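Just so we're clear, the structure is a prediction, and the values are computed from it rather than from any experiment. Letters go in sequence order (proteins before strands), and every chain restarts at 1.
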Number of protein chains: 2
Amino acid sequence: MSTPHAILIALLEKPSSGYDLARRFDRAIGYFWRATHQQIYRELGRMVETGWVAVVDDDADATRRKVYRVLRAGRNEVARWVRETPLGVDDRNAFLLKLRADAAIGPLGVGGELVRLIGEHRARLNTYREIEQRDFSGRASTDARQLQYAILRAGIMQEQMWLDWAREVAPLLGVRADR
Amino acid sequence: MSTPHAILIALLEKPSSGYDLARRFDRAIGYFWRATHQQIYRELGRMVETGWVAVVDDDADATRRKVYRVLRAGRNEVARWVRETPLGVDDRNAFLLKLRADAAIGPLGVGGELVRLIGEHRARLNTYREIEQRDFSGRASTDARQLQYAILRAGIMQEQMWLDWAREVAPLLGVRADR
DNA sequence: CAAAACATGTAAGTAGTTACATGATTAT
DNA sequence: ATAATCATGTAACTACTTACATGTTTTG
């Protein structure tokens, strides 16, 4: 959804070369956001053009290694993206990305969005529960039917988990998860 | 990851027109797998070429509406894909897709893959727990640090949830979630 | 000195998104 | 009749993936 912003935020946390970024996107970051080295180099090139990042003139070390840092315009762009890009319930990872941005250059007012998302997740959970009541409340079930129920259970458990998590996070963002 | 297979499986569950599929992918199916009508029509066209699906000659009803059904080759392709395409821990939705295929034309032996995935999810959960111990066991935390911990918590809770779910599903697939 | 890891890129192909386009049927 | 919904498609653009390509530095 937003590879350039993922890269900007990673660079805000620590200025890096394309190669370093590729490694970071394979380890810690990669657990929730992926990018190949081709994507990274392409985006870095574009963002230099745009003026969001610049190569740190590695004074002494005149090797071929290029370390990038985020410029003021890039920082502003991250803040703008966090504030003005509404996410949906399916953009879990993008929301975590916003939290990382908030940790790096915050506060950026992510609390409001968390509250909205809690509402949307609750609505979806209710939808799932209604389907559960309607289609899976009876007794005897065929194998196929039990599998279909398992798929729905995955959705239900996922929403419950997200809401549990949101309840933990809300106070950190200065909002209430009310009820 | 595999739009054509998602469409084939939806068609196995119920022969439909492109328009119907688009609606189904917006409702129930859309909660875990998305496809726009352009993708759907394009894939349907391709799959007719390949011989995986065919238009049901809507005898009487000679309107412009085209209902597609899955041919034997398409069915075989689904079975092949389910059996021969190993998924990673991040392909949650693709695994649910396999369960739907198994419910529709199973059994396809998905149990083995579930067992493998349980192992991989446990490994990832352990990695997260180690990071937790190493980086977040101390007391006093800054705001930024607490947010970083919240991101890690999301990962931990997600893995725990998946493992809980897998424990429910295992018996349906004839395998044990052992321990 | 050879292999592994470092480091950055181009090119081609595939998939996905967004915008445009058209016409038929159904309901008000 | 006119608006909404049904129904199917093309075209252009953007993003992503996979393969190719090249040279450097470090380590055994």
Side-chain angles (χ1 to χ4, degrees), chain A residues 1-8 10-11 14-27 29-30 33-50 53-58 60-69 81 85 87-88 90-91 93-94 97, chain B residues 1-8 10-11 14-27 29-30 32-50 52-58 60-69 81 85 87-88 90-91 93-94 97:
Chain A
M1 188 208 182
S2 204
T3 309
H5 298 98
I7 292 173
L8 281 176
L11 285 179
K14 180 175 171 49
S16 308
S17 67
Y19 189 84
D20 288 338
L21 281 172
R23 279 192 317 180
R24 291 173 63 198
F25 271 81
D26 257 359
R27 302 171 169 203
I29 300 175
W33 202 281
R34 304 210 154 269
T36 63
H37 84 269
Q38 292 84 349
Q39 283 179 77
I40 290 166
Y41 286 120
R42 177 159 16 97
E43 293 301 339
L44 285 174
R46 283 180 194 173
M47 292 194 292
V48 168
E49 296 286 303
T50 327
V53 301
V55 176
V56 176
D57 285 308
D58 36 4
D61 180 17
T63 45
R64 80 264 86 113
R65 182 183 153 87
K66 296 193 226 170
V67 172
Y68 294 83
R69 71 189 171 84
W81 176 78
T85 310
L87 302 177
D90 293 320
D91 306 320
N93 296 337
L97 204 55
Chain B
M1 190 208 181
S2 204
T3 309
H5 298 98
I7 292 173
L8 281 174
L11 285 179
K14 181 174 169 53
S16 307
S17 67
Y19 189 83
D20 288 338
L21 282 171
R23 280 192 317 180
R24 291 172 63 197
F25 272 81
D26 258 359
R27 301 171 169 203
I29 300 176
F32 74 97
W33 202 281
R34 306 210 152 268
T36 63
H37 85 269
Q38 293 85 347
Q39 283 180 76
I40 290 167
Y41 285 121
R42 179 161 13 101
E43 292 301 339
L44 285 173
R46 284 179 193 174
M47 291 194 292
V48 168
E49 296 287 302
T50 327
W52 289 353
V53 301
V55 175
V56 176
D57 285 307
D58 38 3
D61 179 15
T63 45
R64 80 264 86 112
R65 184 183 151 85
K66 296 193 226 168
V67 173
Y68 294 83
R69 71 188 172 84
W81 176 78
T85 311
L87 302 177
D90 293 319
D91 306 318
N93 296 337
L97 203 56

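- We find that CZ of A/R42 is positioned 13 Å from C1' of C/dG13, with the value rounded to whole Å.
- Per the geometry, CG belonging to A/D20 stands 13 Å off C1' belonging to C/dA5, to the nearest Å.
- Residues satisfying the side chain to side chain donor-acceptor pair (under 3.5 Å) criterion with B/N93, sequence neighbours excluded, are absent altogether.
- D/dT14 atom P lies 13 Å from atom CD of A/E43, rounded to whole Å.
- The existence of a salt bridge linking A/R23 and A/D26 is excluded, since no basic side-chain nitrogen approaches an acidic carboxylate oxygen closer than 4.0 Å.
- Considering only side-chain atoms of A/R65, the nucleotide from D/dT8, C/dG9, C/dA7 that sits closest is C/dA7.
- Of the candidate nucleotides C/dC6, D/dG9, C/dG9, C/dC6 has the atom nearest to the side chain of A/R23.
- In this structure, the CD1 atom of A/I40 is 13 Å from the C1' atom of D/dC16, given to the nearest Å.
- Closest to the side chain of B/Q38, out of C/dA15, C/dA11, D/dT10, is D/dT10.
- Distances shorter than 4.0 Å separate none of the side-chain N or O atoms of A/S17 from OP1 or OP2 on C/dC6.
- Fit an axis to the five pairs at each end of the helix from C/dC1-D/dG28 to C/dT28-D/dA1 and the two axes sit 30° apart, to the nearest 10 degrees.
- The side chain to side chain contact (heavy atoms under 4.5 Å, CB included) test with A/Y68 singles out one residue from A/L21, A/L8, A/V55, and that residue is A/V55.
- Protein atom OH of A/Y19 is 13 Å distant from nucleotide atom P of D/dT26, rounded to whole Å.
- A salt bridge does not link A/D20 with A/K14: none of the charged nitrogens is closer than 4.0 Å to a carboxylate oxygen.
- Contact annotation for A/R34: no contact, since no heavy-atom pair falls under 4.0 Å across all strands.
- For A/T36, taking side-chain heavy atoms from C-beta onward, the closest of the listed nucleotides C/dT17, D/dT17, C/dG9 is D/dT17.
- Atom NE2 in B/H5 sits roughly 11 Å away from atom P in C/dA15 (whole-Å rounding).
- Candidate nucleotides C/dA15, D/dA7, C/dG9 were compared by shortest atom distance to the side chain of B/Y41, and D/dA7 ranks first.
- Between B/R46 and B/E49 there is no salt bridge, since none of the side-chain N atoms of the basic residue sits less than 4.0 Å from a carboxylate O of the acidic one.
- In this structure B/S2 satisfies the side chain to side chain donor-acceptor pair (under 3.5 Å) test together with B/H5, sequence neighbours excluded.
- For A/H37, taking side-chain heavy atoms from C-beta onward, the closest of the listed nucleotides C/dG9, D/dG9, C/dG16 is C/dG9.
- Atom CH2 in A/W33 sits roughly 13 Å away from atom P in D/dA15 (whole-Å rounding).
- In this structure, CD of A/Q39 is placed 10 Å from P of D/dA15, rounded to the nearest angstrom.
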Step by step, would you call B/I40 with B/L44 a side chain to side chain contact (heavy atoms under 4.5 Å, CB included)? CA-CA 6 Å; B/I40 290 167; B/L44 285 173; 3.8 Å; yes

